[in-house]
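To keep things clear, I will list the structure first and then write my remarks on it.
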Protein chains: 2
Amino acid sequence: MIGKTTSSWITDRRQAASHKIVDAAWQVAREQGLAALTLREVAARVGVRAPSLYSHFDSKHAIYDAMYAEAWQTFLELSDGIVLPAAPRAALRLVARTFFDFATADLPRHQLMNLRTVPGFTPSPESYAIAVSALDRLSARTADLGLRLTADEVDLFTALVSGLINQQWANDPGGDRWDRLLDRAVDMYADHLNLPEEEQ
Amino acid sequence: MIGKTTSSWITDRRQAASHKIVDAAWQVAREQGLAALTLREVAARVGVRAPSLYSHFDSKHAIYDAMYAEAWQTFLELSDGIVLPAAPRAALRLVARTFFDFATADLPRHQLMNLRTVPGFTPSPESYAIAVSALDRLSARTADLGLRLTADEVDLFTALVSGLINQQWANDPGGDRWDRLLDRAVDMYADHLNLPEEEQ
DNA sequence: GTCTATAGTTTGATAGAC
DNA sequence: GTCTATCAAACTATAGAC
């Protein structure tokens with residue numbers, strides 16, 4: 001079968017248009033702040049008028065939701081792509097570093113993914129599921145290395161890494177005061193799990 | 001000398017008025033969200049019109065700044081009041097618990113104190129100094145117990161505790177999924193410092 | 001699907017009388 | 001120091017023509 005049906009072409013065009021809107025929204029959020037996002041400004045970047053956005057999204061929150069889903073999808077693909085070292089301790093270090101760098105690279109993205117900064121916004125179940133699955137898959141991959149973590153242990157790990165991220169953003173944005181502590185924190189955690197020491 | 005000078009009376013009245021405004025602002029923030037705070041609503045609670053607030057604060061951000069300072073001042077006094085156990089590990093547990101409970105009791109307060117949720121708002125140097133001094137004093141008190149922490153170690157501790165707090169708020173508000181992990185997290189940290197085990 | 005037009009609010013902040 | 005009046009701007013969302 002060559003080519004596509006007419007209806008799938010239409011779907012593609014719709015998706016492309018939605019994608020352009022979400023891209024523009026990220027642009028605005030990065031320049032003006034996540035909460036300062038306005039439909040007029042987003043529309044202007046896309047090259048249309050504000051009301052036209054309603055042909056693609058039911059509300060402003062629906063745009064936030066698409067941004068949320070996209071951000072976690074991006075992280076999911078990024079983290080699927082990294083090659084984990086066989087040694088559990090080194091693997092944990094890389095996982096932590098990947099997440100830390102991803103979160104400290106982009107404040108509005110971090111706020112949307114990991115904090116509840118936008119008044120009244122909660123991700124839809126479908127979007128939240130992407131976030132859950134991203135972490136589940138990382139957890140499954142470390143399990144393949146023989147590192148089986150309980151749910152509590154995963155929660156402790158995410159709290160530790162996201163704590164460093166938040167302190168970095170809140171108290172030393174652009175610096176490295178908590179960045180420098182990441183490996184040490186992971187080692188503390190690995191010691192807690194009684195993971196064997198490894199040659200660096 | 002009995003009584004006060006006229007000028008100190010005036011100062012007191014001004015402070016009382018400012019205090020009423022800040023109280024009203026907290027009330028609104030708790031009901032509507034920190035970012036949803038409006039001058040009209042604050043003024044209404046105080047029983048005046050919005051423009052009257054400008055006799056006491058130069059801008060909306062100035063009110064946020066006063067709230068920030070007050071929140072950290074409250075925590076400073078609370079933490080000054082707790083009696084630390086002599087045993088370092090138990091002391092750390094209590095410090096962590098005090099901060100965790102304070103932060104999870106009030107989301108807008110936590111957002112203002114520990115995150116950067118309000119677009120464009122940064123605490124003034126004077127207000128930020130209160131936050132720094134609150135943590136410094138806690139650090140000094142644990143030092144009196146023989147627990148001398150480096151700056152990095154303090155940073156790691158704050159990241160760990162605030163990480164649990166943020167995960168609790170973002171992913172299980174009202175629940176105890178990360179609350180339950182607090183003591184375990186502190187023990188992990190204490191182990192990392194090679195603090196001796198103690199009888200519970 | 002995009003447009004114009006606009007409803008219907010709400011906002012922070014200022015001017016100037018009292 | 002508080003008020004009224006108001007500015008100037010911004011916002012989300014809808015209606016209806018094309």
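In what follows, every chain begins at residue 1, and chains take the letters A, B, ... in the order their sequences are listed. A quick note: this is a predicted structure, and the numbers were derived from the prediction, not measured.
In this structure, B:Y54 atom OH and D:dA5 atom P are separated by 19 Å, rounded to whole Å. The nearest whole Å value for the distance from the OH atom in A:Y64 to the P atom in D:dC11 is 11 Å. For A:L39 and C:dT2, the CG to P distance is 14 Å, given to the nearest whole Å. Here the P atom of nucleotide C:dT14 and the NZ atom of B:K60 are 15 Å apart, to the nearest Å. B:L53 has its CG atom 13 Å from the P atom of C:dT11, to the nearest Å. What separates NE2 of A:H56 from P of D:dA13 is a distance of 16 Å, to the nearest Å. Atom CG of B:D58 and atom C1' of C:dT14 are 13 Å apart (whole Å). In this entry the distance linking CZ of B:F57 with P of C:dG12 reads 15 Å, nearest Å.
A residue-by-residue look at B:E41 and B:P51 shows that B:E41 has its nearest nucleotide of DNA chain C further toward the 5' end.
Proximity of A:R49 to the phosphate of C:dT4: a side-chain N or O atom is located under 4.0 Å from OP1 or OP2. Phosphate contact (OP1/OP2 of D:dG1, side-chain N/O of B:S52, threshold under 4.0 Å): absent. In this structure, B:R13 does not reach the D:dG1 phosphate: none of its side-chain N or O atoms is under 4.0 Å from OP1 or OP2. Phosphate contact (OP1/OP2 of C:dG12, side-chain N/O of B:H61, threshold under 4.0 Å): absent.
No side-chain donor-acceptor contact under 3.5 Å links B:Q111 and B:W169.
In this structure, B:R109 satisfies the cation-pi test against B:F102, with its NZ or CZ atom closer than 6.0 Å to the six-membered ring centre and inside 45 degrees of the ring normal.
Aromatic ring centroids of A:Y68 and A:Y128 lie 6.0 Å or more apart.
Ring geometry for B:F99 versus B:F75: interplanar angle over 60°, hence perpendicular rather than tilted (30 to 60°).
B:A71 and B:W26 make their closest contact through CB-CZ2, 4.0 Å (heavy atoms, listed as atom of the first residue, atom of the second, distance).
Looking at heavy-atom distances under 4.0 Å, A:S55 makes contact with a base. Contacts of B:L37 with the nucleic acid, taken as non-hydrogen atoms under 4.0 Å apart, involve only primed sugar atoms and P, OP1 or OP2.
Considering only the side chain of A:R40, D:dT12 comes nearest among C:dT2, D:dT12, C:dG12.
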